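The block underneath contains the structure these notes are about, expressed in structure tokens.
First listed ligand is number 1; within each ligand, the first listed atom is number 1. Bear in mind the structure is a predicted one, so any value in this text is a computation, not a measurement.
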Amino acid sequence: MTFIEYVQTLSDNPYFGAGFGLFGLGAGAAVLRKGLQAGLILFRRHYMITLEVPCRDKSYEWLLKWITYKGAKKTQHLAVSTSFEQSDTGYVSTRYEFIPSIGTHFFRYNKNWIKVQRTREQQMHDVNLGMAFESVHLTAFGKDRNIYFQILEEARQMALAEHKGKTIMYVAMGHEWRQFGHPKKLRPLESVILDTGIGEKIVKDCKEFIENVAWYSDRGIPYRRGYLLHGPPGCGKSSFITALAGNLDRGICVLNLSDRLLSDDRLNHLLAIAPQQTIILLEDIDAVFVSREETKEVKAAYQGLNSVTLSGLLNALDGVASSEGRILFMTTNYLDRLDPALIRPGRVDYKEYIGWCSYIQLEQMFLRFYRMHDAETEKLSKKFAECILSYNRNVSPAQIQGFLLFFKNEPKTVVNNVSKIWELM
Ligand code: ADP
């Protein structure tokens, strides 16, 4: 039998014919599948545009909120983000916000359908943020990347509008600055009552600094300014700086130098990457010096943990990285513990004592507390101030505030009970 005759016999065989047909179908389907896959990849590559926003990016939270607001609010698959808000009076309220859950969502934006994929890596943890690594992928038709600029800008504007009239506080988490709680309602500067002219002088100095960029660049002087507020606790150092940040339309980044987990490197890094348009507040800087005097037991307990050293602090303050336009405030209760190297100009350009209550402060606190400006209350406020000062004892505004709270609506009674303030201390 020749080869041709052999093939002919095979093709006449119905079993072989069917098998060959099936093989053909399978091969065809595989080619089609591959073709479709390749086509899809080509289509995605040339006709779709994607954007990845990882959770460590600043836009991440804005974007999630914006997506929920824009369209994903219609989705039934939401995740909740709960936060607590503490008012100046200490009242804590709870706030729930919905954000798109992990998974896929769609929404329409400028006649374009956008696919949102929010993913969470179970294996990968962001050590800095202390949470699983997350990201959001946006996919849209077309090639115009402007769509993403617009989306990110809208998300930013929405966040800004929400923050208007509020002060954002940042705290350090690992090597990052993270927003702490919800933005707080601006604290009016007048609500922090300092001795005559002190607050006004500091505000004037800050404003002058902000408006005089050219003065610094012309002379090649680093454009930054350091302030040191010192004085006993409870006299309004931190409250004033927070109110000032709000007044200057800036956020505030707070770092406590007594934090045992704060190393020199971390401090340096955090100062270099502080968010723009913020005031940096380093609280209790004397903590750096106290550590020298600690007992052996305390030192042993903290062995292995880095705390900030004087040279680390000086390096961080002098650091060149991204410190343009930096306004840095430091506070301490013990000026005498500070090393002169720290207070020299360039590191501290403005030093101010925020002290115990003076006559004028007592009078103003009284008037502000009872919010009555009639002649009788004014007389009472003077009497109150005289009574307190007649004891010749130091008293802080925080103590006065606490005392007045015992007599919320009784300005007369409080004046007759001034002696009780010492019992409460
Ligand atoms: P410091 O930073 O000097 O230790 P804080 O700013 O933390 O003091 O003040 C503690 C509390 O006392 C805050 O609730 C603040 O409202 C109140 N307080 C302190 N000083 C003043 C002040 N000068 N005027 C109004 N309130 C004050």
Evaluate the ring planes of F366 and F384, with Trp represented by its six-membered ring, and classify them as parallel (under 30°), tilted (30 to 60°) or perpendicular (over 60°). tilted
List every atom of ligand 1 that sits less than 4.0 Å from any heavy atom of [X], numbering the atoms from 1 in the order shown and giving each element.
| X | result |
| --- | --- |
| K237 | 1 (P), 2 (O), 3 (O), 4 (O), 6 (O), 8 (O) |
| P233 | 4 (O) |
| S191 | 24 (N), 25 (C) |

For [X] and [Y], test the side chains for any donor-to-acceptor distance below 3.5 angstrom and give the result as yes or no.
| X | Y | value |
| --- | --- | --- |
| S238 | E283 | yes |
| S263 | D265 | no |
| Q150 | E154 | no |
| T119 | S135 | yes |
| Q361 | S358 | yes |

Nearest-option assignment for atom 18 (N) of ligand 1, heavy atoms, candidates G402, P397, S238: P397
Counting only heavy atoms, tell me which of A243, P232, C357, S239 gets closest to atom 15 (C) of ligand 1. S239
Under 4.0 Å, counting heavy atoms only: does S396 come that close to any atom of ligand 1? no
Does T331 have a non-hydrogen atom less than 4.0 Å from ligand 1? no
Any idea which part of R187 is under 4.0 Å from ligand 1, heavy-atom wise: side chain, backbone, both or neither? side chain
For [X] and ligand 1, does the shortest N/O to N/O distance drop below 3.5 Å?
| X | answer |
| --- | --- |
| I193 | yes |
| Q361 | no |
| G234 | yes |
| M365 | no |
| G236 | yes |

Y334 six-ring face occupied by R337 cation (under 6.0 Å, within 45°): yes
Salt bridge (Lys or Arg N to Asp or Glu O under 4.0 Å) filter on R250, not counting sequence neighbours, yields none
All N/O donor-acceptor pairs, side-chain side in residues 209-221, below 3.5 Å, sequence neighbours left out:
unit_1: N212; atom_1: ND2; unit_2: E208; atom_2: O; d: 2.8
unit_1: S217; atom_1: OG; unit_2: A214; atom_2: O; d: 3.2
unit_1: R219; atom_1: NH1; unit_2: W215; atom_2: O; d: 3.0

